[in-house]
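Note: hydrogens, waters and symmetry copies are ignored here, and every other heavy atom, side chains too, is used.
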Amino acid sequence: MTKTFTCLYHFLVLSWYIFLNYYIAQDETDEMKSKIFANGGKWKYVTLLNMLLQTIFYGVACLDDVLKRIRGRKDMTFLTAFRDLLFTTLAFPISTFVFLAFWMLFLYNRDLVYPETLDTVIPAWLNHAMHTFILPITLTEVILRPHSYPSKKTGLTLLAAGSIAYVSRILWIYLETGTWVYPLLAKLSPVGLAAFFSLSYIFIASIYLLGEKLNHWKWGDMMQPQKKRK
C-alpha cells in the first residue's frame, strides 16, 4: 500500500468515526435516549467506548502519517510506537470483541443485549456501523501495514487493566443505581458474574493473540527488531 493511500484511508476512517460520535451525541435530551443513557450515561456501554477509542486511534494514525510525510522519517518514533501500542492492545481486540460478543448474543437472544425497543431509537444503519462495520475496518488496518507488538506480558497486562477498569465501572453503576448496564448481567448469580467476566477476559485475550498471529502471518518478521525488546 502506498503512503498516500494509507494516509487517505486513515483520514476517511477518522472522519467516519467522528461523524458517528457526533450523530450519537445528538438529541440526548430525547426521552427514549435519556432512558437508555440513564444511570451511567452513554460511556457505560462498551460499544460507545469503542467508538471513542477508534476515533482516538485513527486520530493518532493520521497525525503519525502527516508528521512522517512532513519530516520524511522512516525510523520508529514515539508517536509510531504509541500508535502501535494503542492498536495492538486496545483498538483491535476491543473492536473485534464487540463485533463477536454482540452478534453472538444478539442471534442467541437479542433481549440479553439489544432489546427490540432500541430499534425505534437506533436506526439499522447505525447499529451496523457500531457493531458490524468495525470488524472489516480493523482487519483492513491489519492488512494495510505492520504493527509492532509489545511482549505478551505487557500486552495482556494492559488489556487486563482496561478490562478491570470497565468491569469496575459496571459494578459501581450497579451498586449506585441497582441496575445492570446489560440485561444479561441481571440474570446471573454472583458466581455466574465472576465466571462471565473471567471468560470474557479469556475471550478478548484470545483475540489479542489472534491479532498478533494475523500481523505475523501478513508481515512476517518485518517488526522483529521491535519485538525483541521483551
Side-chain angles (χ1 to χ4, degrees), residues 1 5-6 8-38 40-62 86-145 147 159 162-163 166 170 180-185 196 200 203-204 206-208 210-211 214 218:
M1 296 292 180
F5 177 83
T6 301
L8 178 61
Y9 173 77
H10 287 151
F11 175 75
L12 291 175
V13 175
L14 173 62
S15 300
W16 170 244
Y17 278 121
I18 289 176
F19 164 72
L20 290 178
N21 279 281
Y22 175 79
Y23 185 90
I24 294 168
Q26 297 306 296
D27 300 324
E28 287 190 11
T29 56
D30 177 84
E31 183 178 354
M32 183 59 72
K33 278 193 174 182
S34 296
K35 291 181 179 179
I36 296 173
F37 296 148
K42 64 182 181 181
W43 303 122
K44 64 183 178 179
Y45 296 111
V46 67
T47 293
L48 299 186
L49 285 172
N50 181 58
M51 291 291 101
L52 179 61
L53 172 63
Q54 300 303 318
T55 304
I56 294 173
F57 166 71
Y58 283 100
V60 172
C62 279
L86 190 60
F87 179 76
T88 58
T89 61
L90 293 175
F92 175 81
I94 291 178
S95 61
T96 306
F97 175 84
V98 169
F99 171 85
L100 293 175
F102 176 82
W103 287 113
M104 285 191 297
L105 290 172
F106 185 95
L107 294 174
Y108 173 71
N109 182 356
R110 66 173 297 174
D111 289 332
L112 295 176
V113 66
Y114 196 85
E116 289 187 19
T117 54
L118 293 180
D119 291 339
T120 61
V121 182
I122 302 176
W125 71 265
L126 181 57
N127 179 29
H128 285 291
M130 296 188 298
H131 298 116
T132 305
F133 301 149
I134 55 175
L135 183 64
I137 289 175
T138 200
L139 288 178
T140 299
E141 178 64 21
V142 173
I143 297 172
L144 196 60
R145 63 182 174 190
H147 296 85
L159 185 59
S163 301
Y166 181 66
I170 288 179
W180 287 105
V181 172
Y182 299 103
L184 167 65
L185 302 179
F196 176 78
S200 294
F203 185 30
I204 199 171
S206 299
I207 293 172
Y208 168 84
L210 173 63
L214 290 174
K218 178 64 175 69

Gap between atom CG of Asn21 and atom OG1 of Thr55 - 0.5 Å precision: 4.0 Å
Qualifying residues under side-chain hydrogen bond (donor to acceptor under 3.5 Å, both in side chains), relative to Tyr108, sequence neighbours excluded: none
Qualifying salt bridge (Lys or Arg N to Asp or Glu O under 4.0 Å) pairs with a residue from residues 99-117, counting only residues at least two apart or across chains: Arg110-Asp119
Within-4.5 Å side-chain heavy-atom neighbours: Phe57 and Leu90: no
Within 6.0 angstrom of Phe203 CZ, more than 12 heavy atoms from elsewhere: yes
Tyr114: partners by side-chain hydrogen bond (donor to acceptor under 3.5 Å, both in side chains), with sequence neighbours left out: none
side-chain contact (heavy atoms from CB on, under 4.5 Å) involving Ser200 - partner list, sequence neighbours excluded: Phe97, Phe196
Parallel, tilted or perpendicular: rings of Tyr17 and Tyr58 (30°, 60°): parallel
For Thr132, side-chain contact (heavy atoms from CB on, under 4.5 Å) partners two or more places apart: Phe99, Trp103, His128
Thr140 side, atom OG1; Tyr9 side, atom OH - distance, nearest 0.5 Å: 4.0 Å
Residue pairs fulfilling salt bridge (Lys or Arg N to Asp or Glu O under 4.0 Å) with at least one residue in residues 99-109, sequence neighbours excluded: none
Spatial distance of atom CG (Leu14) from atom CD1 (Ile56) [nearest 0.5 Å]: 11.0 Å
Summary of salt bridge (Lys or Arg N to Asp or Glu O under 4.0 Å) pairs that have at least one residue in residues 51-60, sequence neighbours excluded: none
Which atom of Met130 lies closest to which atom of Ile122, heavy atoms considered: CE-CG2, 4.1 Å
What donor-acceptor contacts under 3.5 angstrom involve side-chain atoms of residues 45-53, with partners at least two apart or in another chain?
{"unit_1": "Tyr45", "atom_1": "OH", "unit_2": "Ile36", "atom_2": "O", "d": "2.9"}
{"unit_1": "Thr47", "atom_1": "OG1", "unit_2": "His131", "atom_2": "NE2", "d": "3.0"}
{"unit_1": "Asn50", "atom_1": "OD1", "unit_2": "Gln54", "atom_2": "NE2", "d": "2.9"}

Interatomic distance, Ile204 atom CD1 to Leu100 atom CG [nearest 0.5 angstrom]: 10.0 Å
Partner residues of Asn109 under the side-chain hydrogen bond (donor to acceptor under 3.5 Å, both in side chains) criterion, sequence neighbours left out: none
Side chains of Leu184 and Val113 in contact at under 4.5 Å (non-hydrogen atoms): no
Contacts of Val142 that satisfy side-chain contact (heavy atoms from CB on, under 4.5 Å) - sequence neighbours left out: Phe87, Phe92, Leu214
Tyr22 backbone acceptor or donor facing Gln26 side chain under 3.5 Å: yes
Listed partners of Ser163 passing side-chain hydrogen bond (donor to acceptor under 3.5 Å, both in side chains), at least two apart: none
Distance, nearest 0.5 Å, that separates CH2 of Trp16 from CD1 of Ile18: 13.0 Å
Value rounded to 0.5 Å, distance of CZ in Phe102 from CG in Leu135: 14.0 Å
Residues forming a side-chain contact (heavy atoms from CB on, under 4.5 Å) with Thr89, sequence neighbours excluded: Leu85, Pro150, Leu158, Tyr208
Student check: side-chain heavy atoms of Val13 and Glu141 closer than 4.5 Å: no
Side chain to side chain, Leu20 and Leu126, heavy atoms closer than 4.5 Å: yes
Thr120 side-chain N/O to Thr117 backbone N/O, donor-acceptor pair under 3.5 Å: yes
